[in-house]
4 protein chains.
Amino acid sequence: MDEAVRAGVARGRPRSERARTAVLDAAADLLVTGGTDAVTMEAIAARAQVSKATVYKWWPSRAHVMLESFFSRAKDTLDVAPEASLEEALTTLVGALTRIFRDTESGPLMADLVALAQADRAIRTALDEQWLRPRRRVASQLLRDGVDRAELVSDTDVAAAVDQLFAPVYHRLLLGHEPLSDELAATLVRQLLAGLRNRDPQRTGACPPRTAR
Amino acid sequence: MDEAVRAGVARGRPRSERARTAVLDAAADLLVTGGTDAVTMEAIAARAQVSKATVYKWWPSRAHVMLESFFSRAKDTLDVAPEASLEEALTTLVGALTRIFRDTESGPLMADLVALAQADRAIRTALDEQWLRPRRRVASQLLRDGVDRAELVSDTDVAAAVDQLFAPVYHRLLLGHEPLSDELAATLVRQLLAGLRNRDPQRTGACPPRTAR
Amino acid sequence: MDEAVRAGVARGRPRSERARTAVLDAAADLLVTGGTDAVTMEAIAARAQVSKATVYKWWPSRAHVMLESFFSRAKDTLDVAPEASLEEALTTLVGALTRIFRDTESGPLMADLVALAQADRAIRTALDEQWLRPRRRVASQLLRDGVDRAELVSDTDVAAAVDQLFAPVYHRLLLGHEPLSDELAATLVRQLLAGLRNRDPQRTGACPPRTAR
Amino acid sequence: MDEAVRAGVARGRPRSERARTAVLDAAADLLVTGGTDAVTMEAIAARAQVSKATVYKWWPSRAHVMLESFFSRAKDTLDVAPEASLEEALTTLVGALTRIFRDTESGPLMADLVALAQADRAIRTALDEQWLRPRRRVASQLLRDGVDRAELVSDTDVAAAVDQLFAPVYHRLLLGHEPLSDELAATLVRQLLAGLRNRDPQRTGACPPRTAR
DNA sequence: TCTTAAACGAGACGGTACGTCTAGTCTTCTA
DNA sequence: TAGAAGACTAGACGTACCGTCTCGTTTAAGA
């Protein structure tokens with residue numbers, strides 16, 4: 001009936017939750033065991049014991065499957081202990097990201113998604129809005145609060161600072177030139193907040209001048 | 001003959017330089033105009049007016065074509081003025097990278113290569129060894145020199161610091177969440193060297209304490 | 001309950017006559033307007049405003065729908081006027097067939113059914129027993145009566161003769177090499193009964209000899 | 001070179017004769033062993049050890065494969081012995097058709113082609129022009145010659161007569177209501193030429209009157 | 001000048017995955 | 001219990017690109 005439709009009453013056979021999770025699991029498994037090239041719609045359907053038509057019905061492309069597979073897994077915390085210092089809070093955020101990229105399927109999934117985002121603007125947008133932005137927002141707010149309290153210098157470029165905390169993690173995930181070590185998060189936060197410049201050279205006391213080379 | 005072969009003397013028709021450059025140009029053009037998906041071996045050969053066999057003869061995969069296409073274009077300078085300060089030198093390096101990614105075909109090419117590197121370990125290695133490592137080496141040396149002359153603090157994690165300078169550029173190139181602006185390089189260098197922490201809050205003198213939140 | 005079932009009393013919702021005729025009409029309409037390929041179970045159900053399950057519940061395949069659709073339409077007469085001559089009677093039978101194939105939906109339906117019969121033995125059997133055989137039986141009886149009364153030669157192969165009357169109609173329907181013209185039936189009957197051989201060459205009188213070539 | 005192209009000089013790898021015949025054989029084999037439904041492009045390619053792309057390159061549809069498969073096999077003779085009588089000549093033609101339909105793969109192939117012709121006008125045309133018409137032409141000419149020499153009556157409808165000879169064969173092939181027996185051809189020719197009407201009933205002399213029923 | 005051998009263009013080939021379509025079946029709610 | 005809605009499995013469709021192959025055709029160095 002029309003009323004039924006308008007009321008959102010389900011008509012017909014309901015969507016199979018089993019199929020949905022099987023697809024998401026299959027995609028992640030294939031990626032981890034066989035690499036990007038192994039994750040074809042054909043292979044996903046076969047491993048999930050699901051017909052290709054069902055996959056295409058709910059996800060328009062392999063990239064969208066990966067996206068949902070990633071989001072169904074990657075649940076890092078955005079909660080920061082209220083009593084934590086700024087340094088502690090930022091370290092928690094960056095450390096959580098580092099660990100899920102290094103220790104879970106989310107790492108390969110994110111790497112693959114960034115690759116897919118180069119070919120599909122919708123994926124890039126979804127990644128930005130649903131993953132990056134919320135995390136950047138939390139970090140940005142912490143930094144802005146620091147500026148407001150005068151804990152941080154007033155000319156801080158918050159966006160750039162956030163990139164200096166998070167980008168190295170993605171960079172190492174994607175290129176692998178350096179490991180995602182346990183200390184990385186603390187190091188990134190410490191070096192950004194305190195800076196690299198030596199303010200107490202040879203025990204001269206006082207705050208350090210900008211020493212030209 | 002055997003002697004000729006042993007002597008490395010070229011026998012037969014020499015490799016066509018025209019074909020080589022046509023292929024590299026075709027790959028870059030296709031990428032810029034049509035996106036990653038448009039760059040197929042088939043399309044490269046067609047646009048370059050070259051047979052597929054010739055492309056496969058010299059490059060084992062599309063990724064290798066992109067790699068050489070990138071390297072034949074991206075010639076940013078690694079030279080730093082000897083009289084420049086540390087901050088100036090680093091800003092020059094990061095700024096050069098930002099500009100070639102933003103203003104030339106090298107940006108899309110690098111983005112595509114990072115994507116391809118997720119599926120092809122050889123590409124990842126080549127990118128690392130032939131592109132990233134030389135640039136990281138120069139920046140690392142500058143930072144280590146700073147530590148040696150006590151301009152920088154002794155517990156500096158050079159590798160992490162280098163990432164805090166370069167990774168944001170790649171991150172923005174790949175995800176596009178923030179622009180590759182003119183000021184970015186200077187900001188990244190400044191914030192990393194001086195840090196974000198306010199050392200002179202309301203003229204209270206002395207170095208600032210770690211203010212708990 | 002069981003008693004009711006045994007008693008043949010209908011339980012539950014009775015079958016929808018509307019659905020039945022809508023399906024048969026849809027099948028015929030689709031065939032005439034779009035050709036064989038347009039007649040899919042999907043399309044039939046959609047046009048008939050009926051669910052696919054309902055179609056499958058009552059007809060095991062598209063071929064069976066076509067079969068019933070054909071039989072619900074093709075009602076040519078098998079009655080022959082008792083006072084008619086043999087030639088008139090046969091002409092009536094063949095003419096009726098020609099006209100319903102040429103002027104009604106039964107033509108395309110029969111053509112489609114013959115095609116479907118190549119893939120489905122059940123359809124072939126049904127076509128034979130329910131359509132061909134009754135018509136052949138009537139014509140055969142007329143011919144056999146003719147033999148019995150010595151109007152026809154005693155060595156008549158009735159089955160072959162019936163084919164020589166009817167087969168040309170199906171042949172033209174299926175291949176279209178010649179039209180199903182108004183005169184066709186009369187011509188077929190006349191030529192078969194009287195033969196093509198000239199029995200009165202050059203007015204020599206008497207019955208004609210078999211002139212060798 | 002242009003001259004080469006214009007001259008029809010073969011460029012590139014030449015077409016594989018092996019692939020061509022393998023496809024035609026596979027199509028015929030599948031049809032005979034598994035029926036119409038077994039003959040899919042997929043199955044043809046698989047059995048012929050040929051890629052689907054190759055099949056589609058040379059044949060636009062399954063129907064065209066069947067068509068060529070049929071023509072590569074069905075080589076019945078159209079030659080008639082010059083000294084043969086009209087009756088002998090026609091019997092030869094019809095008999096040859098009957099035998100290749102009954103005893104070779106050409107029977108199932110033709111049946112399938114007639115079915116396919118219902119959905120594809122191009123197939124119908126090809127069947128008509130390349131198969132039916134040449135055979136009908138020969139028979140028609142024999143009949144017309146007979147009329148010219150007054151062996152046959154002058155009001156003979158040649159087209160209808162040809163159908164009365166050939167159509168029964170196709171009809172039995174397609175519907176199977178009667179067998180394609182050895183005697184069929186002779187019977188069809190005899191009955192058509194001499195007619196069914198008894199001209200010498202009970203030795204009454206003279207040609208028989210039209211006996212009303 | 002003539003041979004020779006590698007590079008080249010064209011394009012057919014066997015594969016594989018694509019994204020779509022239809023066949024049938026199954027599950028839920030409604031009439 | 002029939003029917004409508006619609007999700008499901010299965011598998012063929014026709015296309016595109018892959019990477020390989022087989023031709024005939026340059027092109028220059030060496031004989």
Side-chain angles (χ1 to χ4, degrees), chain A residues 1 3-5 9-16 18-20 37 39-46 49-58 60-62, chain B residues 1 3-5 9-16 18-19 37 40-46 48-58 60-62, chain C residues 10-16 18-19 37 39-45 49-58 60-62, chain D residues 1 4-5 9-16 18-20 37 39-46 48-58 60-62:
Chain A
M1 278 249 169
E3 291 95 315
V5 171
V9 172
R11 306 292 307 271
R13 182 175 176 175
R15 177 173 180 184
S16 162
R18 182 221 138 245
R20 185 183 153 273
D37 295 344
V39 191
T40 66
M41 289 298 245
E42 209 99 20
I44 290 171
Q49 307 251 61
V50 149
S51 85
K52 274 203 300 176
T54 300
V55 183
Y56 278 107
K57 180 175 188 70
W58 300 109
S61 75
R62 153 177 132 70
Chain B
M1 284 280 163
E3 294 94 313
V5 170
V9 174
R11 300 294 310 270
R13 181 175 176 175
R15 176 172 180 186
S16 160
R18 182 222 138 242
D37 295 344
T40 66
M41 289 298 246
E42 210 99 20
I44 290 171
Q49 306 251 61
V50 149
S51 85
K52 274 203 301 177
T54 300
V55 183
Y56 278 106
K57 181 175 188 69
W58 301 109
S61 75
R62 151 178 134 70
Chain C
R11 298 294 308 273
R13 183 172 171 177
R15 176 174 180 183
S16 160
R18 182 220 138 246
D37 295 344
V39 191
T40 66
M41 288 298 246
E42 210 99 19
I44 291 172
Q49 307 252 58
V50 149
S51 84
K52 272 203 304 177
T54 301
V55 183
Y56 279 107
K57 181 176 187 72
W58 300 107
S61 75
R62 151 176 134 71
Chain D
M1 281 249 168
V5 172
V9 172
R11 307 291 307 269
R13 182 175 175 172
R15 176 172 180 184
S16 161
R18 183 222 138 243
R20 186 182 152 274
D37 295 344
V39 191
T40 65
M41 289 298 245
E42 208 99 21
I44 291 171
Q49 306 252 63
V50 148
S51 85
K52 276 204 297 176
T54 299
V55 184
Y56 280 107
K57 179 175 188 68
W58 300 108
S61 75
R62 154 178 133 69

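Here is the naming used below: chain letters follow the sequence lines, and residue numbers restart at 1 for every chain. Side chains are part of it too, since the values below use all heavy atoms of this structure and drop only hydrogens, waters and symmetry mates.
- What separates NZ of D:Lys57 from C1' of F:dC18 is a distance of 16 Å, to the nearest Å.
- For F:dA4, the OP1/OP2 oxygens have no side-chain nitrogen or oxygen of C:Lys52 closer than 4.0 Å.
- The distance between atom CZ of D:Arg11 and atom C1' of F:dC21, rounded to the nearest whole Å, is 17 Å.
- Applying the 4.0 Å criterion to OP1 and OP2 of F:dA2, one finds that C:Arg18 has every side-chain N and O outside that range.
- As rounded to whole Å, 9 Å separates atom P of F:dT9 from atom CD of A:Gln49.
- For C:Ile44 and E:dT22, the CD1 to C1' distance is 12 Å, given to the nearest whole Å.
- Picking from F:dC13, E:dC26, E:dG14 the nucleotide with the shortest atom distance to the side chain of D:Ser51 gives E:dG14.
- Within the structure, every side-chain polar atom (N or O) of C:Trp58 is placed at least 4.0 Å from both OP1 and OP2 of F:dA2.
- Put simply, the side chain of A:Arg13 and the base of F:dC8 share no donor and acceptor less than 3.5 Å apart.
- Listed nucleotides E:dA17, F:dC18, F:dG6 differ in distance to B:Glu42; the shortest reach to its side chain belongs to F:dC18.
- The heavy-atom pair separating D:Ala19 from D:Ser16 by the smallest distance is N-OG, 2.9 Å.
- Between A:Thr54 and C:Val50, it is C:Val50 whose nearest contact on DNA chain F lies nearer the 5' terminus.
- Both A:Ser61 and D:Ala48 sit near DNA chain E, but only D:Ala48 has its closest nucleotide nearer the 5' end.
- Because its NZ or CZ atom is both nearer than 6.0 Å to the ring centre of D:Trp58 and within 45° of the ring axis, D:Arg15 counts as a cation-pi partner of that residue.
- Counting non-hydrogen atoms under 4.0 angstrom, A:Ala53 reaches a base of the nucleic acid.
- Considering every non-hydrogen atom in both B:Val55 and B:Met41, the closest pair reads CG1-CE, 3.7 Å.
- Atoms OH (A:Tyr56) and C1' (F:dC13) sit 14 Å apart, rounded to a whole Å.
- Listed by chain and number, the residues in a side chain to side chain donor-acceptor pair (under 3.5 Å) with D:Ser51 are D:Thr54 (sequence neighbours excluded).
- As a whole-Å value, the separation of C:Met41 CE from F:dC8 P is 22 Å.
- Within the model, atoms CZ of B:Arg18 and CD of B:Gln49 stand 6.5 Å from one another, a figure rounded to the nearest 0.5 Å.
- With rounding to whole Å, A:Arg15 atom CZ is found 17 Å from E:dC26 atom C1'.
- Between A:Ala19 and B:Pro14, the residue whose closest nucleotide on DNA chain F is further toward the 5' end is A:Ala19.
- Computed from coordinates, the B:Arg62 CZ to F:dC17 C1' distance equals 12 Å when rounded to whole Å.
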